[in-house]
Amino acid sequence: MRSFLETPAFQRFVIAVIVFNAVTIGCETSSYLMERIGGLLHVVDRIILAFFVVELAARLYAYRGAFFRDPWNWFDTVIVAVALLPASGPASVLRALRILRALRLVSAVPSMRKVVNALLAAIPGMGSIIGLLALVMYISAVLATKLFGEVAPEYFDELPTSLFSLFQIMTGEAWPDIAAQVMDEKPWAWVFFVGYILMSSFVVLNLFIAVVVNAMDDNNTSAEEQRTENQLNAVLEELARLNAKIEAMRPSTDGGTNGHDSHTPTKLHT
């Protein structure tokens with residue numbers, strides 16, 4: 001069973017089923033398609049869900065206790081369990097969560113797993129950057145509330161409003177309109193906005209990219225580096241075998257001196 005589950009053909013089939021299921025769930029959002037083939041889409045959805053349950057049970061049978069040591073198996077189990085929840089009555093909103101099955105592509109495609117593992121490895125560094133960004137936004141929000149609260153109360157009336165406006169400015173959304181409204185009363189306000197955008201968007205946010213790229217470099221060895229490492233290990237193993245053969249062929253040094261002494265001439269006594 002384990003050999004069958006690990007065959008490339010079966011893994012490609014699972015990926016195809018996941019993609020097809022994501023497409024069918026998307027088709028259910030169309031009233032035109034639901035009027036014509038809605039019943040067929042529901043049947044297909046049930047069949048695919050049954051396939052996921054059987055595939056998960058087969059993996060549990062094949063790997064036994066090792067199944068629970070892999071975090072990706074827990075990830076797949078949670079997604080399938082959410083799909084099995086009742087979708088009637090007050091819990092009908094859970095029916096929309098069936099689209100989470102598309103996330104199984106992350107566990108089914110090795111390259112996606114590497115990206116997610118790199119993102120998880122980058123979380124400690126990203127936490128420090130998030131703290132720095134929150135500090136910059138808080139200081140800027142307090143300054144903006146004090147300086148521009150009376151000029152543009154719809155954007156900087158109170159601290160929560162200022163925080164939301166500064167988050168909007170950080171994303172680059174409509175910040176020229178906000179800045180223009182403030183600069184009508186305070187022409188020097190461009191210094192604040194330019195400095196804040198440079199610090200938040202061009203410095204802090206780019207640090208996120210740097211941390212993620214660094215984590216991916218640390219966790220993902222390139223194919224060329226992997227081949228080089230394999231070749232080096234093969235050379236080291238061959239050298240170890242040759243060294244063992246040389247040691248086995250080396251003569252013993254204990255009997256050499258005794259054999260030499262046995263041939264020394266002795267004096268005859270009359």
Side-chain angles (χ1 to χ4, degrees), residues 1-30 32-34 37-87 91-127 208-226:
M1 178 62 69
R2 182 180 300 183
S3 301
F4 173 74
L5 293 175
E6 293 177 353
T7 56
F10 180 77
Q11 294 177 1
R12 287 193 295 267
F13 178 74
V14 172
I15 294 174
V17 172
I18 295 171
V19 174
F20 180 71
N21 187 217
V23 173
T24 57
I25 294 176
C27 291
E28 292 181 9
T29 60
S30 172
Y32 175 82
L33 294 176
M34 289 300 295
I37 57 171
L40 177 62
L41 291 176
H42 287 309
V43 171
V44 170
D45 182 74
R46 298 294 180 85
I47 294 174
I48 292 177
L49 179 58
F51 169 78
F52 286 151
V53 173
V54 172
E55 185 257 344
L56 200 63
R59 285 162 56 186
L60 178 60
Y61 169 77
Y63 294 99
R64 301 294 201 281
F67 176 88
F68 299 101
R69 291 194 293 269
D70 189 351
W72 290 109
N73 290 332
W74 284 100
F75 179 79
D76 294 341
T77 302
V78 170
I79 290 178
V80 175
V82 169
L84 292 173
L85 293 177
S92 60
V93 67
L94 296 176
R95 186 172 178 82
L97 297 180
R98 293 176 303 145
I99 192 59
L100 292 179
R101 296 180 210 165
L103 290 176
R104 288 204 58 193
L105 278 176
V106 177
S107 61
V109 180
S111 59
M112 288 188 180
R113 288 203 303 265
K114 291 180 181 179
V115 173
V116 173
N117 289 332
L119 290 175
L120 294 176
I123 286 179
M126 293 173 65
F208 281 101
I209 301 175
V211 170
V212 172
V213 171
N214 186 47
M216 293 185 69
D217 288 339
D218 293 339
N219 288 276
N220 300 324
T221 304
S222 65
E224 185 64 29
E225 292 175 347
Q226 188 65 42

* Shortest non-hydrogen contact from L105 to M112? -> O-SD, 3.6 Å
* By side chain to side chain donor-acceptor pair (under 3.5 Å), which residues pair with D76, not counting sequence neighbours? -> R59, S107
* Asked: Atom OG1 of T77 and atom CG of L56: how far apart are they, to the nearest 0.5 Å?
  -> 4.0 Å
* To do: Compare every heavy atom of M34 with every heavy atom of L41, then report the nearest pair and how far apart it is.
  => CD1-SD, 4.0 Å
* To do: Please list, chain by chain and in numerical order, all residues satisfying side-chain contact (heavy atoms from CB on, under 4.5 Å) with L33, sequence neighbours excluded.
  => C27, S30, I37
* Report the residues that fulfil ring pair (Phe, Tyr, Trp, His ring centres under 6.0 Å) with Y32, sequence neighbours left out, ordered by chain and then residue number. => none
* To do: With sequence neighbours left out, write down each residue that passes ring pair (Phe, Tyr, Trp, His ring centres under 6.0 Å) with F208, or none if nothing qualifies.
  => none
* **F75: ring pair (Phe, Tyr, Trp, His ring centres under 6.0 Å) partners, not counting sequence neighbours** => W72
* **Results of side-chain contact (heavy atoms from CB on, under 4.5 Å) for A62 - residues two or more places apart only** => M1, R2, L5
* Asked: What residues form a ring pair (Phe, Tyr, Trp, His ring centres under 6.0 Å) with F68, not counting sequence neighbours?
  -> W74
* To do: Output all residues satisfying side-chain contact (heavy atoms from CB on, under 4.5 Å) with V17, sequence neighbours left out; order by chain, then residue number.
  => F13, I48, F51, F52
* Rounded distance (nearest 0.5 Å) linking atom CD of E55 with atom CZ of F10 -> 5.0 Å
* For A81, what residues pass the side-chain contact (heavy atoms from CB on, under 4.5 Å) criterion, not counting sequence neighbours? -> none
